[in-house]
Each structure stands twice: as structure tokens, then as C-alpha cells.
Amino acid sequence: MFWTVTQSLLSGLATTFQIFILTLVFALPLGLLFAFASMSKWKPLRFLMQIIVWVVRGTPLMLQLIIIFYGPGLWLGQNIWSGGEAGRLSATVVAFSFNYACYFSVIFRGGIESVPAGQREAGQVLGMTRSQIFFKVTLLQMIKRVVPPMSNEIITLVKDTSLARIIAAYELTFAGYSFMKSDGLTWPLFYTGVFYLLFVGILTLLFNYIERKLDYFK
Amino acid sequence: MAILEVNNIEKHFGSTKVLEDVSFSLEEGSALAIIGSSGSGKTTLLRCLNFLEMPDGGTISVRGEKLFDASASVSEWEKDLRKKRLHFGMVFQSFNLFPQYTALENVTLAEKLLAQERPDYKQRKKEIFEEIEKHGRDLLSQMGLSERTGHYPHQLSGGQQQRVAIARALALKPDILCFDEPTSALDPELTGEVLKVIRGLAEQKTTMIIVTHEMAFARDVADRIIFMDGGVIVEQGAARDVIDNPREERTRQFLTRYTEG
């Protein structure tokens, strides 16, 4: 039985891991884009960003996921998500990416704004372009400042992947829970917890490593 | 002909007039000190020259080329803004070194980025970078920092950081080097080393504008002095005359406060 449970959990972990990685791949650049939009000189864009962030942060991710997965089918009369596990996974990644991009954007904006104006001015008087100033001067200082809050968000993301269960995506928590439903076993639930702990443990080590790597400047 | 001509510069923030009808010129190879109490507009004037602020009126010309004309459009101002800025170098009060780069990298970064625009960049990248790094090392050793090229800003004292900042400003060979209260953020025992470097630059006939509160230094090093108060130039003249025999009552009062304080 232990072997069967392990196999199921590993297969659930694969889905969890895919949601996690794909969400980061899309949400990190999108979050940066949202951060720039929320600092735009053009007021309507700033206002629009505020509304989006308010709505996305103000409603449950689970609700957003349900709407994104079932909504198109009910409104358009045909499902835009391909059937089966792939469709569920795509809908999950879309909902998660958008949701997390909003949270990331606030952290990124804080990071960019915390870099002193003198840094940008020093770049300007040295004849650098705006993009040179951002990539060569601001970016690394911003990254250093956002690593601690980002590590919080990213660890939360690991556990939020379990919300995908609501649209029947076969992720880690679903896998563990299914043994309770079918066989009345509770120990797979604890075993599932161990998987999450290991996942988060590895991430914590990674974040510590990044923080140490960026410790060379102040 | 003067290297820098500033005519009738005006600047206001909202309804507050910060600069009013400021005009002066600067000869190549000479040093100009700007003195005055806080809020007199000295720093804003330097920021206008470096195009960190856009003046609301007046003109700025370098070597006869009009870099700024308030009667032209904003897009005219923004055109080639980067190139215009390169006529001026700027040393900030709070150094503003890039913390993630070593002293040498701070000095060479802008030059390396500019080199990308050279037509022979791709073929000669390695040689160009070697030249730039040699130039950077030379500048740092001129600042007495040849032992500190690989240090990060937080590993350097304030005086050392400011000398790196001076080397960084010199790296792009500006026509005019501006200092915005270069020693105001330093502990008293560290101001000497920075002033000595600036004095050395004056002896080499570097064209400079120095905003400073160090009156004795301004008198000794500058050729000319401008005294500003309330956004206007109250008095300008040869350095010794302004400090030793001010013509205006306001200048006299300011200097008395300084020698007493």
C-alpha cells in the first residue's frame, strides 16, 4: 500500500510542480509589467492597475479559478479549455499567474521605489538610457530588497496549488485525500504534508542561498 | 569665448520661485564657486545645468552651442538629452555610487555602455574594454585610490567614496565638472582628502562649478564666486574680492554668520 500511495503522491506532485513552475514563469515578468503600469505617468493606466489589483487581491483565488475554468464554457457555449487534465492545468496556470502577478507587482513597485532617486540621477548624468539605468543600476538593488517578501509569496504559492483541486486537477493534496475517501486511510494525508514540507524546505534553502549571494553589497 | 553661458535662467516649483533671472558665464579652465545659505537655489541651478530639472526660462550654451532654450518646445529639450548631459559631470552630496559595483566598475560602467554605440565595438570589444579599464585605474590612482579599485562602496570611507564618485564623473571627460556640496555629507576629518583632490583638479585647470559651504576653500581654489540668496545672484566677482571685500550688504551678513558660526 505504501508503494501505491507514494506513486500516486508523486504523480500529484508532478502536477503541483508544473502549476508552481509555470505560474512563476508567467507571473514574474507579468508582475514587473504590472509594477511599471502602476507607476506609469499616465493616470488612466495607473487607475486601471489599482482596480485590477483591488479586485484580484480582494476576491478568493479559488473563486477566480472557478470562474476562469467554468465561465467561458457557460458564457460562450463552448469550452475554451481543452478537455482532461491539460485543460484543467492551463486554466489553473492562467488564474494563478494573473493572481500572483498582482501580488508580485506590489512587491516589485515597493522594491523599485525603495532604490534612492540619487541612483537613477547618477545614471542620468552619466548619459545612460532609461533601460540601461533600470537593468544596470536599479534591477539588482531591487532584487536584493524583494527577496524576503518574494520568498513569502512563493512559499504561499506552493500551498495554494492545492486549490486546483476545486476544478478536479489531480494535484498533490487531491492525491493524498483520495486515499481517505476510498480506503479511509489518514496516514497518506500526513505523508502528503511531508511532500509539501520537503518542497518548501528546498525553496527555503534556495532563498537563503540567493540572499547570501546578494550580501556582497549594501 | 566662455565655455559656458547661462542666461536668464528661471525655475519655479509650483508657485515658489527657486531661480530668478540667473545669468553667468564661465571661462575654460577656471573654477567657479557658488555660495549661499540652504534654499538659496544653488543646488537647483546645478541640477538645471545637468538637465535633472528643466528650467522654466532662459538659455544654456556650451562652447557656443545652445543646449537649452526655454522658448523651444519640450521635445526639443528632450532631444539628445543624453548627449547634452555629457557636457557636464556631476558629483553629488551623497556620492550616489552604485552599491553593487566595485570602485573600478563604478568608474568604468558608463564608458563601457557608451562604447556599445561605437561602430568598431563588435570587432574591438576586448581592446576597448581594456583601454576603458586602464583609464579607470589611472583615474582612481590619481584620486589616491589605486589600492581600492576592487572594493565595494560600503567597504570604503565616505571620503574614499566621494573620491571614487569624482573619478566616475571625470571618466566621461565632461567639459564642465559640477560639485554639489561635495563635503557636506562627510565627517569633518574626511573633508580634507576630498578638498585636496578638488584643489588638485583646479591646479590642472579643470573647468569646475563647486557649490560649497567651505568659504576658505572657495576663496583659495575658485577663480570666481557667485553668492546666491532667495533664487537670485546677489553678487559675483573674483573669489578674493567677494569673500574679503563683499560689495553687497546681504553678502556681508551671510559671510559674518559663517565666520561666527
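The chains referred to below are lettered A, B, ... by the order of the sequence lines, with proteins before strands, and numbering in each begins at 1.
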Colleague: Check each atom of B/Tyr101 against the heavy atoms of chain A and say whether the ones under 4.5 Å are side chain, backbone, both or neither.
Modeller: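 Only the side chain of B/Tyr101 comes within 4.5 Å of chain A.
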
Colleague: Going by atom types alone, do A/Ser114 and A/Arg145 pair a side-chain donor with an acceptor below 3.5 Å?
Modeller: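 A pair is found: one side chain offers a donor N or O, the other an acceptor, under 3.5 Å apart.
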
Colleague: Verify whether one side chain among A/Tyr196 and A/Thr16 offers a donor that lies under 3.5 Å from an acceptor in the other.
Modeller: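 No.
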
Colleague: Got B/Leu45 and B/Phe24 here, is their nearest side-chain heavy-atom distance under 4.5 Å?
Modeller: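 With C-beta onward as the side chain, the pair touches.
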
Colleague: Strictly less than 4.5 Å between heavy atoms, which residues of residues 117-124 of chain A line up against chain B? Please order them by number.
Modeller: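 If one takes a 4.5 Å heavy-atom cut-off, the residues of residues 117-124 of chain A near chain B are A/Gly118, A/Gln119, A/Glu121, A/Ala122, A/Gly123, A/Gln124.
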
Colleague: Run through B/Ile9, B/Leu49, B/Leu19 and flag the one making a side chain to side chain contact (heavy atoms under 4.5 Å, CB included) with B/Thr44.
Modeller: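 Single pass found, and it is B/Leu19.
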
Colleague: Below 4.5 Å from any heavy atom of chain A, which atoms of B/Gln116 appear? Answer side chain, backbone, both or neither.
Modeller: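 Answer is side chain: those atoms of B/Gln116 sit under 4.5 Å from chain A.
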
Colleague: Write out, in numerical order, the residues from residues 86-111 of chain A with a heavy atom short of 4.5 Å from a heavy atom in chain B.
Modeller: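 Heavy-atom contacts from residues 86-111 of chain A to chain B are absent.
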
Colleague: Between B/Glu111, B/Met90, B/Arg168, B/Lys84, which shows the greatest number of heavy-atom pairs under 4.5 Å with chain A?
Modeller: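 Top count of heavy-atom pairs under 4.5 Å with chain A: B/Arg168.
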
Colleague: Could you label the plane-to-plane angle of the A/Phe199 and A/Phe17 rings as parallel, tilted or perpendicular, counting under 30° as parallel and over 60° as perpendicular?
Modeller: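 Correct class here is tilted.
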
Colleague: Measure B/Leu52 against the heavy atoms of chain A and call it side chain, backbone, both or neither at under 4.5 Å.
Modeller: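 Contact with chain A: side chain only.
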
Colleague: Can you confirm whether or not the ring centre of A/Tyr191 sits under 6.0 Å from the ring centre of A/Phe195?
Modeller: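 Under 6.0 Å, so yes.
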
Colleague: Examine the side chains of B/Thr183 and B/Gln162 and answer whether a donor and an acceptor come within less than 3.5 Å of each other.
Modeller: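 Absent: no donor and acceptor within the cut-off.
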
Colleague: Evaluate side-chain hydrogen bond (donor to acceptor under 3.5 Å, both in side chains) for A/Thr59 paired with A/Gln64, printing each intermediate quantity in order.
Modeller: CA-CA 7 Å; A/Thr59 56; A/Gln64 294 164 18; 2.8 Å; yes

Colleague: Grab the two heavy atoms, one from B/Pro153 and one from B/Leu97, that are nearest each other, plus how far apart they are.
Modeller: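 What the structure gives for the nearest pair is CG-CB, 4.0 Å.
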
Colleague: With B/Lys125 as the cation and B/Phe129 as the aromatic partner, state whether NZ or CZ is under 6.0 Å from the six-membered ring centre and within 45° of the axis.
Modeller: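 Output yes; distance and angle both within limits.
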
Colleague: Using non-hydrogen atoms and a 4.5 Å limit, figure out which bit of B/Phe88 sits close to chain A: side chain, backbone, both or neither.
Modeller: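 For B/Phe88, the backbone is the part near chain A, not the side chain.
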
Colleague: If you count heavy-atom pairs within less than 4.5 Å of chain A, which of B/Asn50, B/Leu113, B/Leu86 leads?
Modeller: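 If we count pairs closer than 4.5 Å to chain A, B/Leu113 comes out on top.
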
Colleague: Test salt bridge (Lys or Arg N to Asp or Glu O under 4.0 Å) on B/Glu133 and B/Lys112 and set out the steps.
Modeller: CA-CA 9 Å; B/Glu133 274 177 26; B/Lys112 284 183 176 173; 2.7 Å; yes

Colleague: Which atoms of B/Leu81 are under 4.5 Å from chain A, going by heavy atoms: the side chain, the backbone, both sets, or neither?
Modeller: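 Interface part for B/Leu81: neither.
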
Colleague: Less than 4.5 Å apart, side chain to side chain, heavy atoms only: is that true for B/Phe95 and B/Val164?
Modeller: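 Contact flag for B/Phe95/B/Val164 side chains = no.
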
Colleague: Please step through side chain to side chain contact (heavy atoms under 4.5 Å, CB included) for the pair B/Leu4 and B/Ile209, ending with a clear verdict.
Modeller: CA-CA 11 Å; B/Leu4 171 68; B/Ile209 302 177; 3.8 Å; yes

